[in-house]
Amino acid sequence: MSLSSALASPARPRVRFAPSPTGFLHVGSARTFIFNWLYARHNGGTMILRLDDTDVERNTDASVQSIFEGLTWLSLSWDEDYKQSDRGALHRQMAETIFQKGLAYRDFTPAHTGDSEKSGAQGTWLFNPGMRELSREESDRHAAAGEPFALRFRVPREGGQLVRFADAVYGEQVKAAVDIEDFALLRSDGMPTYHLASCADDADLRISHIIRGQDHLTNTFKHVLIFEAAGFAPPQFAHLPLLVAPDGTKLSKRRHGPVVSVTTYRDAGFLPEAFINFLCLLGWSPKNDREQMSRQELIDAFSLEGINRANAVVNFKEPAVTPEETFDPKAVWLNAEHIRGLAVADLSARLLPVVREAGFNVTPEKMLRITPLIRERIKLLREVLTAADFFFVDQLPPYDPAELIPQKGDAALALKVLQRAREVLANVEFKHDPLDQTLRVAAQELGIKAGQMFQPIRVAVCGRKNAPPLFETLEVLGKDTTLARIDQAIQRVK
RNA sequence: GGCGCUAUCGUCUAGGGGUUAGGACGGAAGAUUCUCAAUCUUCAAACCCGGGUUCGAUUCCCGGUAGCGCUACCA
């Protein structure tokens with residue numbers, strides 16, 4: 001098969017995402033799902049979710065939950081789903097086929113316990129001595145006697161045979177068969193290994209394209225061997241560069257903490273579409289300098305040709321001190337871009353649950369009025385809690401009265417400003433233009449700059465110096481709250 | 001150790017035998033608004049090293065180095 005034919009996409013590709021439910025859904029897995037999904041949706045194909053749960057020891061229900069939870073949050077859909085543990089018969093049948101062809105043999109060597117002494121040291125382990133050559137009769141006798149065995153693939157050792165496949169991302173791949181060990185197909189408890197189960201299912205489900213992490217690139221030679229031994233044409237392969245931490249190592253929960261978990265992004269206030277957008281830019285490029293893209297734009301632009309070969313760093317700070325540093329700055333920026341691109345009503349609806357979960361009572365109507373004031377001031381949904389806190393509380397948390405003092409002023413000026421503001425605001429309609437006009441006039445009358453007038457009021461009503469524009473803020477806050485807070489500020493400055 | 005893969009600003013990337021090596025994030029400076037954001041302008045910042053091929057390599061080839069992956073009866 002030539003590379004160009006591998007790159008040609010069939011009319012209706014069938015792709016799959018096949019996680020092993022042994023941990024939380026992490027960002028690398030999510031990206032793999034997304035690339036498969038994009039490929040399927042772009043080409044009008046079928047997206048399959050398959051739980052590769054052949055490792056009964058390590059599987060957990062919590063992990064399955066985590067996978068669904070993450071995919072649900074991202075609104076990523078699939079068309080068919082399967083569980084490998086339901087398909088054991090199929091796996092064993094394929095093993096049997098390969099065994100009957102003499103392409104696999106029983107290995108009665110006890111399973112290795114603990115350390116990998118055969119890997120770390122020197123040389124490559126290829127097979128356990130004596131087992132490959134066992135005659136069929138002898139092998140049958142041992143098996144009949146009830147001796148446990150693993151079934152191993154009999155990798156061709158003579159004739160300088162080469163195993164090859166075309167990878168849509170990494171190009172033509174060739175490896176000498178003699179460099180491939182006699183990997184296991186069946187464990188001694190009869191359970192299929194990942195390699196066997198994966199190939200059996202991929203063949204049975206008629207997967208056309210296997211799009212997965214590059215950590216499987218070398219394994220693919222084994223898979224090609226399995227497909228061919230079982231009489232199937234291997235599907236087409238596309239391996240994805242890995243997502244790595246700033247230290248260059250593969251992302252892992254143990255080493256890198258919660259930043260690798262999809263739910264961490266959700267809980268911090270990422271928009272699912274922004275998170276997907278970010279993940280797509282890691283190891284793939286539309287090659288036209290586009291960065292901010294919607295789901296549909298990604299589907300339209302996606303192609304296997306745009307995938308890179310080098311690992312991509314998720315640029316979070318290793319010892320993250322602030323929430324900002326927890327994430328790749330580009331992800332945060334992209335999120336802010338998507339937030340700004342949302343219609344006010346949409347953003348407001350997404351902000352509401354965040355605010356309510358934090359324990360504040362806000363009506364959808366009020367949230368709708370607050371939203372435009374903070375839309376350009378938050379990068380993550382969660383920041384609504386710090387950006388708009390003063391809208392939600394009855395009583396402002398304590399602040400330093402010194403903050404009330406305007407630029408080039410003193411406490412006396414602050415007091416003067418607040419008292420004057422209190423007077424004029426009592427008699428004005430709480431709408432942008434009248435407020436603007438009234439306060440500017442008041443500043444003029446006091447002989448101070450507008451900024452000097454606004455700052456004490458801002459601190460009085462917001463409890464801090466940095467806040468959304470003043471008139472809009474007052475409008476939403478309303479006259480009663482505004483006057484009450486100014487009164488309190490007057491008390492504090494005295 | 002063996003085998004495989006990879007190498008452009010700090011990060012994500014575009015590009016490609018002759019380019020001022022482009023964009024974005026982040027950083028710095030400035031403009032601007034009532035503060036903060038947003039926005040705009042400007043600046044700093046990269047082709048891993050060594051050989052070859054060539055009139056000319058960052059680009060093609062080889063070697064080195066480094067990183068990553070696989071080397072389990074894990075996936």
Side-chain angles (χ1 to χ4, degrees), chain A residues 18-23 52-55 57-58 107 109-112 115-116 118-126 148-152 167 170-171 173-176 178-181 183-195 197-198 213-222 239 241-242 244 246 248-250 278 281-292 308-316 328-334 336 340 373-379 387 407 436 439-440 443 449-455 457-459 462 464-471:
Chain A
S20 62
T22 56
D52 278 10
D53 55 351
T54 52
D55 185 0
E57 301 284 301
R58 302 195 307 153
D107 181 349
T109 312
H112 267 267
D115 305 321
S116 49
K118 69 185 177 190
S119 51
Q122 56 270 330
T124 307
W125 173 87
L126 291 174
F149 60 87
L151 191 72
R152 288 189 184 281
D167 189 276
Y170 290 92
Q173 300 295 309
V174 186
K175 186 168 175 160
V178 288
D179 288 323
I180 301 170
E181 75 282 4
F183 52 94
L185 259 20
L186 248 29
R187 300 187 178 93
S188 47
D189 62 0
M191 285 290 287
T193 61
Y194 159 76
H195 298 303
S198 176
Q214 191 245 39
D215 47 347
H216 286 297
L217 189 66
T218 322
N219 286 333
T220 305
F221 294 106
K222 296 173 192 166
H239 287 87
L242 264 22
V244 298
T249 61
K250 205 167 142 181
F278 169 66
L281 262 17
L282 257 22
W284 173 79
S285 163
K287 300 184 187 292
N288 59 1
D289 288 343
R290 285 285 319 268
E291 299 216 294
Q292 208 223 113
N308 296 30
R309 281 167 292 278
N311 290 170
V313 175
V314 181
N315 197 21
F316 56 86
D328 191 317
K330 191 132 188 180
V332 175
W333 167 78
L334 224 28
R340 283 177 227 127
L373 304 191
I374 58 165
R375 179 157 63 158
E376 315 222 305
R377 269 162 269 265
I378 59 172
K379 295 177 190 293
Q407 283 282 306
D436 187 334
L439 290 174
R440 282 183 199 279
K449 289 188 171 176
Q452 292 177 293
M453 182 82 203
F454 301 156
Q455 198 63 2
I457 302 172
R458 189 194 319 282
V459 174
C462 300
R464 65 182 127 84
K465 284 180 172 169
N466 298 341
L470 189 59
F471 314 127

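Computed from a prediction, not measured in an experiment: that's the story for all the values here. Residue numbering restarts at 1 for every chain, and letters A, B, ... go by the order of the sequence lines.
Following rounding to the nearest Å, A/D289 (CG) and B/U13 (C1') show an atom-to-atom distance of 8 Å. At whole-Å resolution of the value, CD1 in A/I180 and P in B/C70 are 16 Å apart. As a whole-Å value, the separation of A/E57 CD from B/A72 P is 19 Å. The nearest whole Å value for the distance from the OH atom in A/Y170 to the C1' atom in B/A7 is 12 Å. For the pair A/D107 CG and B/C73 P, the interatomic distance rounds to 9 Å; values are reported in whole Å. The interatomic distance linking A/L282 (CG) with B/C68 (P) rounds to 18 Å, in whole Å.
Of the residues A/Q214, A/H239, A/R309, the one that meets the side chain to side chain donor-acceptor pair (under 3.5 Å) test with A/D167 is A/H239.
Between B/C68 and A/K250, no contact under 4.0 Å exists linking OP1 or OP2 to a side-chain N or O. Between A/N308 and the phosphate of B/A14, there is a side-chain N or O to OP1/OP2 separation shorter than 4.0 Å. Of the side-chain N and O atoms in A/R152, one or more sit less than 4.0 angstrom from OP1 or OP2 of B/C73. Side-chain N/O atoms of A/K330 include none lying less than 4.0 angstrom from OP1 or OP2 on B/G23.
Within the 4.0 angstrom heavy-atom criterion, only backbone atoms of the sugar-phosphate kind lie near A/S20; the bases stay farther away. Heavy atoms of A/L470 sit under 4.0 angstrom from at least one base atom. As judged by a 4.0 angstrom heavy-atom cut-off over every strand, A/P19 is placed among residues making no nucleic acid contact. Base contact: A/H195 has a heavy atom under 4.0 Å from a base atom. Looking at heavy-atom distances under 4.0 Å, A/T22 makes no contact with the nucleic acid at all. Within the 4.0 angstrom heavy-atom criterion, no nucleotide atom of any strand lies near A/G213.
Comparing atom distances between the A/D55 side chain and each of B/C73, B/A75, B/U11 picks out B/A75 as nearest. With distances taken from any side-chain atom of A/A312 to the nucleotides B/G69, B/U13, B/C73, the minimum falls on B/U13. Of the candidates B/G69, B/C73, B/G4, the closest approach to any side-chain atom of A/D215 belongs to B/G69. Side-chain atoms of A/Q214 lie closest to B/C5 of the nucleotides B/A75, B/C5, B/C34. Among B/G69, B/A75, B/U71, the nucleotide with an atom closest to any side-chain atom of A/E181 is B/U71. Comparing atom distances between the A/R309 side chain and each of B/C70, B/C3, B/U6 picks out B/U6 as nearest. Comparing B/G15, B/G23, B/G69 by their nearest atom to the side chain of A/E291 picks out B/G23. Comparing B/C73, B/A75, B/G15 by their closest approach to the side chain of A/K287 singles out B/G15. Set against B/G15, B/A75, B/A72, the side chain of A/Y194 has B/A75 as its closest nucleotide. Side-chain proximity of A/N219 to B/C34, B/C70, B/C73: nearest is B/C70.
Considering only residues two or more places apart in sequence or on other chains, A/R440 meets the side chain to side chain donor-acceptor pair (under 3.5 Å) condition with A/D436.
Both A/T249 and A/R458 lie close to RNA chain B; mapped to their nearest nucleotides by heavy-atom distance, the more 5′-ward contact belongs to A/R458. Ranked by how close their nearest RNA chain B nucleotide is to the 5' end, A/T193 and A/Q173 are led by A/Q173.
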With B for base contact, S for sugar-phosphate-only contact and - for none (protein heavy atoms under 4.0 Å), nucleotides 36-43 of chain B reads BBSS----
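Within the shown strands, B/G67 is the pairing partner of B/C5 under the Watson-Crick or G-U definition, both distances less than 3.5 Å. Pairing partner, B/A38: none, since no Watson-Crick or wobble contact has both distances short of 3.5 Å.
Salt bridge present: A/E181 and A/K222 bring a charged side-chain N and a carboxylate O closer than 4.0 Å.
A/R290 CZ to A/L281 CG: the interatomic distance, rounded to the nearest 0.5 Å, is 10.5 Å. A distance of 11.5 Å separates OG1 of A/T218 from CG of A/D179, quoted to the nearest 0.5 Å.
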